[in-house]
Amino acid sequence: MAEAFGQFQYPTPPLAVYPEEAIQAHVAFLARRRSLRPSEEYRVPTDEEWQEFLGHFERRKVSIGACGRAFGTPCIHEHACVRCPMLWPDPAQRDRLVEIRDNLLARIAEAEREKWLGEMEGLQVSLAGAEQKLTQLDRRPPNAVVDLGIPVTTAPSVPRQHRPEERT
């Protein structure tokens with residue numbers, strides 16, 4: 001197997017090679033699991049079902065990113081996305097997220113001033129979520145394009161005695 005990867009100049013061959021027994025055991029597991037499930041689950045979906053599935057992903061787009069919750073599951077945070085760990089914030093919406101955080105800080109100050117303790121508690125949960133999303137964005141590496149340059153190939157050096165054009 002190592003010789004198949006020799007042309008790529010790996011220091012060691014890739015280790016994502018599984019023993020045949022592991023693959024066969026997994027295939028057998030899938031076959032057993034499928035045999036226990038109702039056969040109607042393995043039918044071709046109707047056009048309506050397929051459109052509903054595709055629509056799921058469109059409906060997961062929100063103002064500050066995309067919701068990563070599974071297909072067909074309800075929102076457990078009642079659409080308070082900034083609190084949800086399933087929200088994947090969009091780097092392009094960082095300014096909006098900062099604005100949300102700043103607004104939450106102002107609302108917390110107002111709630112504190114007015115002695116709205118219940119309101120203050122909920123706003124602090126949202127503030128923690130907004131700050132967590134900003135930290136998550138700041139930890140992501142930038143999507144910078146790395147210029148690898150144009151590969152340069154050189155002709156292999158051929159010993160003089162093997163050059164056909166120079167034979168006499």
For [X], check side chain to side chain contact (heavy atoms under 4.5 Å, CB included) against everything at least two apart and list the hits.
X      : answer
Trp116 : Glu110, Ala111, Glu114, Glu119
Asn103 : Arg107
Glu121 : none

Q. What pairs of residues pass the salt bridge (charged side-chain N to carboxylate O under 4.0 Å, His left out) test when at least one of them lies in residues 47-61, not counting sequence neighbours?
A. Arg43-Glu49, Glu58-Lys61
Q: Sequence neighbours left out, what pairs pass salt bridge (charged side-chain N to carboxylate O under 4.0 Å, His left out) with at least one residue falling in residues 133-143?
A: Arg94-Asp138
Heavy atoms, side chains only, cut-off 4.5 Å: are [X] and [Y] in contact?
X     : Y      : result
Pro89 : Leu137 : yes
Gln93 : Ser63  : no
Leu97 : Asp90  : no

Q | Flag, side chain of Arg34 to backbone of Phe29, donor-acceptor distance under 3.5 Å | A | no
Q) For the residue pair Ala130 and Arg101, what are the closest heavy atoms and their distance? A) CB-CB, 4.2 Å
Q. Which heavy atom of Cys81 sits nearest a heavy atom of Val62, and at what distance?
A. SG-CG1, 4.0 Å
To the nearest 0.5 Å, how far apart are [atom1] in [X] and [atom2] in [Y]?
X      : Y      : atom1 : atom2 : result
Gln51  : His56  : CD    : NE2   : 14.5 Å
Ile100 : Leu127 : CD1   : CG    : 11.5 Å
Met120 : Glu112 : CE    : CD    : 5.0 Å

Q.
Can you confirm whether Ile150 is buried at CD1, in the sense that more than 12 heavy atoms of other residues, nucleotides or ligands lie under 6.0 Å from that atom?
A. no
Q | By salt bridge (charged side-chain N to carboxylate O under 4.0 Å, His left out) - contacts of Arg33 (at least two apart) | A | none
Kindly work out whether a path of hydrophobic side-chain contacts (I/L/V/M/F/W/Y, heavy atoms less than 4.5 Å apart) joins [X] to [Y].
X      : Y      : answer
Leu134 : Leu87  : yes
Leu104 : Val98  : yes
Leu123 : Leu105 : yes

Q) So Leu54 and Trp50, side-chain contact (heavy atoms from CB on, under 4.5 Å) or not? Walk me through it. A) CA-CA 6 Å; Leu54 294 177; Trp50 187 245; 3.4 Å; yes
Q | No-hydrogen, no-angle side-chain donor-acceptor test under 3.5 Å, Gln24 and Glu20 | A | yes
